[in-house]
Structures are given as C-alpha cells and as structure tokens.
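This one's a predicted model, so the numbers in the text were calculated from it and none came from an experiment. We name chains A, B, ... by the order of the sequence lines, and we start the count at 1 in each one.
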2 protein chains.
Amino acid sequence: MTSVPSSSPSRVPAMTDVAALAGVSHQTVSRVLNNHPNVSERTRLRVQAAITELGYRPNSAAKALVTGRSQTIGVVAQSSTLFGPASLLAAFNVAAAQAGFAVSVASIRELDRGSFRDAVERHLDTRVAGIVVIAPVETASAAIEAVADDVPLVMVDGDPALPRPLVTVDQEEGARLATQHLLDHGHATVWHVSGPGEWFDGRGRVRGWQRTLEAAGAQVPPLLPALDWSAASGYQAGLVLSRMPEVTAVFAANDHLAVGVLRALHERGRRVPDEISLVGFDDVPEAGYFIPPLTTIRPDFDAVARASLRLVLDRIEQGSLPPHHVSIPPVLVTRDSVRDLRA
Amino acid sequence: MTSVPSSSPSRVPAMTDVAALAGVSHQTVSRVLNNHPNVSERTRLRVQAAITELGYRPNSAAKALVTGRSQTIGVVAQSSTLFGPASLLAAFNVAAAQAGFAVSVASIRELDRGSFRDAVERHLDTRVAGIVVIAPVETASAAIEAVADDVPLVMVDGDPALPRPLVTVDQEEGARLATQHLLDHGHATVWHVSGPGEWFDGRGRVRGWQRTLEAAGAQVPPLLPALDWSAASGYQAGLVLSRMPEVTAVFAANDHLAVGVLRALHERGRRVPDEISLVGFDDVPEAGYFIPPLTTIRPDFDAVARASLRLVLDRIEQGSLPPHHVSIPPVLVTRDSVRDLRA
DNA sequence: GCCTCAGTTGTTAACGCTAACACTGAGCGG
DNA sequence: CCGCTCAGTGTTAGCGTTAACAACTGAGGC
C-alpha cells in the first residue's frame with residue numbers, strides 16, 4: 001500500500017515540484033488536474049506520471065483561498081442519538097463523500113437561535129461551498145433567514161414557510177399511512193402520542209393524523225403531546241392511555257416513544273396488540289424485535305440525504321436557484337403490533 | 001441579530017480593510033486577532049472596533065495555507081446508526097466545537113482497509129490539524145500504520161498493539177462488572193453473546209467475561225458469537241439459548257443484541273428474569289423501557305470523546321508525544337433483568 | 001513566403017493570511 | 001547628551017493554487 005508521508009524526506013510536494021519533474025510549468029499541472037481541454041495527451045501523461053511518482057496531492061487550502069470556496073459542505077445538526085437525525089447525518093456523509101465533498105459538521109447542543117447562528121457563521125468562516133441545516137424547529141429559522149441569499153443553503157426538515165430549498169420526509173403522508181392502517185383494521189379512531197410541539201416533523205405528523213381521521217369521519221381524540229422524543233416520554237403517555245378503556249389504537253410519533261408506550265401498557269396489563277394496537281414511526285433497526293414487533297413507518301433517509309445533497313450541489317454549481325421543496329414519501333412496515341378488529 | 005452577509009455590498013472584508021479602517025497595518029490586526037503580547041491597549045481597542053464595525057471574520061483557508069494546518073480535526077468513522085459509534089461522534093463534535101475546532105467527518109461505508117486509507121488521505125489533503133480514527137477493527141490498523149508519525153493522530157477503540165495514542169472504553173472492566181453482577185446473584189455461570197470477532201470492543205468484552213468466570217472458578221460455557229451487533233443477530237443467539245435448560249444467566253455484548261435475545265426468549269416462553277437473567281452493554285436510552293427493563297453497562301462516551309480530543313490537541317500543540325493509552329471505565333446500571341437466585 | 005489562427009504552453013498577479021525582519025521613538029544608564 | 005534597549009508598529013516575502021493574459025508553435029489560406 002502507498003505510504004502517506006507528511007514531512008518524511010523534506011516536505012510535502014507542491015505543484016511546482018510536479019511541474020519541475022515533468023518539465024512543464026505549474027499552470028500546466030493545474031490544467032491537468034482540473035481537466036482543462038487544451039492539454040496535449042503527451043504532456044498530460046507526463047504530468048500524471050510525475051504526480052504519482054511524487055505522491056503529489058493538491059493543497060485544498062490554497063485552492064480554497066484562490067477560488068473562495070472549499071470542497072466542503074457544512075452541516076448544522078443537533079448532536080443527538082435520536083435515530084432519525086443520526087441516520088440522516090450518516091447517510092449525508094456517505095453521499096457527500098461519493099460526490100467528492102468533505103463534510104464539516106457543526107454540532108449544536110441545544111436547538112436555540114444562538115447555537116444555530118454560531119454554527120452557520122463558523123461554516124461561513126471556513127468558506128464552505130454550501131450549507132445543509134437540519135432545522136427541525138422554529139428557532140433555526142431566524143439564523144437561516146440571516147444568511148445571504150447567494151449562499152447555497154438547504155434545509156432539511158425545516159420551516160416550509162421560509163423561501164429556501166427544503167427537503168423533508170413526507171410527515172403528513174407517513175401519519176396518514178399509519179392512521180389509515182389502523183382505521184382499515186376496524187379501529188373506530190386512533191389516538192396520537194405526538195412529538196414535542198416545536199418540531200416541524202411532529203407537527204406534520206399531527207396534521208396527517210388529524211386529517212386522515214377527519215376524512216374518514218372518525219372522531220378526533222385529544223392529542224397526547226410528549227415533552228421530547230424519548231422512551232421516557234412515551235412511557236408517561238402510555239400510562240395515561242392505559243387508563244382509558246376506550247383506547248384501542250395508538251399512533252406514536254416515533255419508535256422511541258413507542259417503546260415507552262409499549263412498556264407502560266405492558267406494565268399495566270394492557271396487551272398489545274390484543275387490547276391496544278400501536279404504530280410507530282422511523283423503523284429503528286430493533287423495531288422488528290420489540291415485544292410485540294412494531295408496525296411502523298419507514299422514512300427513506302438515504303433518499304433525503306441524496307436529495308439535499310443534490311439541491312446544495314445544484315446551487316453551488318449554478319448559483320442561486322428558486323427555492324425548491326422536496327418531500328420524500330415513507331412506507332408502512334407491517335409487523336405484529338396491530339390487531340384486526342374486523343375478524 | 002447580526003446579519004451574515006456574503007457579497008451583499010461589494011465583498012467580504014479582509015484583514016486589510018480592517019487595518020485601513022483602524023488606521024494600522026494589517027499585521028497589527030493579525031496580532032490583535034492572535035493575542036500577541038506587544039500591542040498597546042489603545043490600538044487593540046481600535047482594531048476590535050473596526051472588526052465589529054465591518055463584521056470581519058478571518059479567512060481560515062488563508063490561515064491554513066500559510067500555517068500549513070487548519071483549525072479542523074478530521075474524524076474517520078463508519079457511517080452507522082449503532083448507538084456506541086453514533087454517541088461517540090456526537091460527543092466528539094460537541095467537545096471539538098467547544099475547543100474552537102471544526103470537525104470534518106469522513107464516513108466510510110465498510111470497515112475495509114481501502115476505505116480507511118482513503119478517508120485518512122482525504123483528511124491529509126485538507127491539512128487537518130489532527131485526525132481521530134474510530135478504528136474498531138483490524139483492517140484499520142494498516143491504514144493507520146501508513147500515516148507519518150508526526151501527524152497528530154489518535155485512535156478510538158483501536159488496536160492496542162499499535163504504537164499510537166488510543167482511547168477506549170474499558171471493555172474488560174465492563175464485561176467484568178456484568179459477569180460478576182450475575183455471579184453475585186447466585187448464577188453458577190454466565191453465557192456470553194459476543195459481538196463480531198473482528199471488533200476489538202467485542203474481544204475485550206469476551207476477555208473480561210472469561211477471566212471473571214475463571215477467577216470465580218466458574219465453568220466457561222461455549223461462546224455464542226453474533227455476526228454483527230444487531231438485534232437480528234441477538235435474536236438468533238436467543239433462539240439457541242432458549243433451548244438449553246441449564247442457561248440461567250446471559251451477558252449480551254451490547255443492548256441491540258440484548259433486544260434480540262429478549263425477543264427470542266419471550267417468543268419461546270422463557271421468562272426474563274424469572275428463568276433467565278440478562279445483562280447488556282451500552283445503556284441505550286430505551287434500555288430502561290425494555291420488557292423487562294435491562295440491566296446494562298454504561299460507558300461514558302462523553303469522557304471518551306473528551307479524552308481523545310485532549311490527546312489530539314496535545315499532539316497538535318506539542319508535536320510528537322509518546323503514545324498514550326487512556327481507558328475509560330464504564331459503570332453498571334441495575335434494572336430488572338437480573339434475578340437473585342440466592343433468595 | 002507571409003499572415004492568421006487555433007492549439008498549446010508559459011508568465012504574472014492575485015487570494016488573505018502569518019513569519020521574519022526592519023523600523024520608530026521613548027526611557028534610561030553612563 | 002549619546003547610544004542602547006525594547007515595546008510597539010510597519011514592511012516584505014512567501015504559503016500553493018487558479019485566472020488572466022501573453023507567447024510560442026505549426027498548419028493552412030492567400
């Protein structure tokens with residue numbers, strides 16, 4: 001395998017070293033590297049040989065300085081182990097690497113205005129080529145609005161009201177899928193344990209749930225909002241649900257909440273799916289091994305990552321483009337947590 | 001809130017613009033920015049005023065070019081939604097941001113030699129100040145060995161045999177804690193569902209388990225290795241465990257596996273903890289809401305992140321330092337998945 | 001044979017910053 | 001009162017790359 005020197009003999013070779021070895025000017029080397037048309041095949045080969053011989057690798061800082069842009073995409077995300085955000089980040093990293101872009105992640109601890117602004121500004125300092133903000137709550141909006149229009153920026157799970165390109169999971173469709181599935185299995189109505197109210201994701205899911213019920217002529221039960229997306233909050237909601245005899249179907253806004261609901265119902269002797277049916281959202285890898293295996297909604301995080309990458313890349317290459325909203329539909333994954341009452 | 005211009009009026013202000021406004025040379029501005037001693041208070045204030053007035057922000061590409069190092073730490077990690085790696089990455093991002101460093105993540109899809117090498121080289125191209133490699137398997141070792149000694153590089157969960165600074169969770173201690181806990185509750189021996197054999201993490205846990213049994217004079221049952229860290233693999237192991245009447249205590253190498261084990265035992269009518277006790281590893285946020293709530297080992301990912309950051313930073317500031325191994329002890333979190341047989 | 005022109009290559013000047021060194025003038029000992 | 005020191009400041013030269021333009025080549029048209 002090739003060795004990766006750093007200062008081994010004297011110093012890292014620069015473009016001029018390659019040029020000297022190949023007997024051309026450094027500009028010709030630059031042309032070869034950037035695939036400029038007017039370079040003869042003969043020189044191209046000689047330069048390439050010199051490059052490999054020296055193990056030359058372009059200095060991206062110098063390139064960034066002169067072009068004003070680095071080959072890096074800045075991501076702003078909350079540091080979180082929640083399955084959704086974590087999956088998204090992982091998928092985006094892979095997609096960006098394939099496109100030849102480095103990814104610089106500015107993790108923020110809290111989803112407040114200042115954190116978002118600082119993170120965006122840090123990225124601007126390093127002259128990133130584009131920015132992707134995972135902006136699931138309204139506090140991100142102010143920070144995003146303050147960014148100049150000509151900065152290639154796309155939001156993921158952000159505010160649809162902002163005039164910025166946006167990629168989201170189609171939350172409303174996911175909620176519709178979940179709710180309709182329960183309705184189709186003979187449940188008179190469906191209760192909903194929603195995520196925290198500030199999250200756009202959660203709001204979309206609430207909307208989809210509510211509209212589906214209304215469209216079906218079903219009664220809309222009171223919402224059970226969770227404080228956060230955790231199992232602990234789901235547990236609290238489950239404790240409440242377990243006390244109401246008329247509850248037969250529950251849609252939890254994500255799988256973490258569903259775990260908590262499941263636990264609470266189990267603890268209080270309410271059997272799933274026999275007495276209460278449950279549908280989650282996210283399809284965490286363990287969902288198929290819950291007790292019982294959880295029917296849930298699976299978003300396509302890879303598709304979201306690819307779409308957001310494509311949007312930034314378009315804007316990087318072509319400058320300002322009209323804001324464009326992309327919505328990725330999720331799918332229903334049926335397992336054993338829903339009982340068919342029609343049987 | 002301050003606006004974040006990019007090309008709003010004419011162009012982004014540079015150091016010379018600040019200098020002109022403050023009536024000093026650009027070098028003085030540089031000195032103010034880098035807290036050089038010999039700057040009079042009066043000038044310092046004038047420069048700072050000019051900086052805020054113009055909204056000047058230093059161009060890090062230029063700085064990186066001239067110094068040869070950027071204020072960025074490169075991380076090589078597998079793109080994964082496994083709780084351990086994801087937590088670590090999140091914690092590292094936060095720690096680095098607090099220290100004023102940007103984090104560039106090179107996600108690799110597969111843990112093979114080539115992927116590791118490419119990721120490291122990409123970071124070297126961008127002249128990162130230091131590199132942190134999450135290198136849980138042996139294939140990473142070759143890539144790491146090829147890196148020049150004077151590059152500040154630290155491994156996390158890597159090969160202890162390599163002469164490089166290393167930070168790990170004390171796997172052996174964690175496994176000891178889990179095994180001893182079961183032994184202490186009157187179990188004659190403890191079975192172990194291990195992670196995939198290539199992972200150093202998994203090997204350490206196996207070692208800790210085995211040594212603890214030996215030290216206690218308990219019989220060491222055959223190892224049940226999982227193909228990967230997933231619930232699906234845990235489920236397979238659980239199916240096997242459920243068929244052996246003598247099994248009363250199981251230590252699963254992580255919580256994802258434990259979910260699968262729990263599911264398999266439940267499915268086959270073996271009650272936890274009544275018939276079989278189970279301990280996991282990682283303390284995923286849901287662990288307290290499993291059925292039953294899972295007793296598990298909690299690693300301190302924040303501490304691992306901080307320690308690895310400190311090691312790179314030391315090496316960045318002081319050049320080559322002797323390789324230093326840091327091992328962070330985890331703690332036992334007791335919940336309801338272990339039965340006391342002594343009662 | 002000379003001019004033109006496309007194709008190829010070289011030269012020069014940035015980009016925004018830091019490092020090294022040069023300069024200034026006040027303070028102070030002799 | 002000269003010269004030394006030293007804090008405070010300015011000047012200059014890069015860092016490694018791309019962009020703009022200049023300069024050379026040889027082929028083809030007149």
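Within 3.5 Å, no donor on the side chain of B:Arg44 pairs with an acceptor on the base of D:dG8, nor the reverse.
Counting to the nearest Å, the P atom of D:dC15 and the CG atom of A:Asn59 are 12 Å from each other. When the C1' atom of D:dT17 is taken as reference, atom CZ of A:Arg69 falls 17 Å away, rounded to whole Å. Between the CG atom of A:Asn34 and the P atom of D:dT17 there is a distance of 11 Å, rounded to whole Å. Spacing between atom NE2 of B:His26 and atom C1' of D:dT9 amounts to 12 Å, rounded to whole angstrom units. To the nearest angstrom, C1' of D:dA7 lies 14 Å from CD of B:Glu41. Atom pair A:Met15:CE and D:dA19:P shows a separation of 11 Å (rounding to whole Å applied). Taking atom CZ on A:Arg57 and atom P on D:dT17, their separation rounds to 12 Å, with Å as the unit.
Positionally, the nearest nucleotide of DNA chain C for A:Thr28 lies more toward the 5' end than for the other of B:Pro13 and A:Thr28. Position along DNA chain D of the nearest nucleotide to B:Val24 versus B:Arg127 favours B:Val24 as the more 5'-ward residue. Mapped onto DNA chain C by nearest heavy atom, B:Thr67 and B:Arg31 fall at different nucleotides, with B:Thr67 at the one closer to the 5' end. Take the nearest nucleotide of DNA chain D for A:Gln27 and for B:Ser25: the residue whose nucleotide is more 5' is B:Ser25.
Counting heavy atoms from C-beta on, the side chains of B:Arg164 and B:Ile144 come closer than 4.5 Å. Using a 4.5 Å heavy-atom threshold, the side chains of A:Val76 and A:Val132 count as separate. Using a 4.5 Å cut-off on side-chain heavy atoms (C-beta onward), B:Phe200 and B:Glu138 make contact. The closest side-chain heavy-atom distance from B:Val156 to B:Leu88 is below 4.5 Å. Residues A:Val133 and A:Ile131 are in side-chain contact: their nearest non-hydrogen atoms beyond the backbone lie under 4.5 Å apart.
The only option from B:Val32, B:Val24, B:Val29 that meets the side chain to side chain contact (heavy atoms under 4.5 Å, CB included) definition with B:Val18 turns out to be B:Val29.
If you check every strand for non-hydrogen atoms under 4.0 Å, B:Thr43 touches sugar and phosphate atoms only. Among the atoms of the strands shown, base atoms are found under 4.0 Å from some heavy atom of B:Asn38.
Running 5' to 3' along DNA chain C, contacts with non-hydrogen atoms of chain A at under 4.0 Å begin and end at C:dT8 to C:dG16.
The closest side-chain donor-acceptor pair between A:Ser115 and A:Asp112 falls under 3.5 angstrom.
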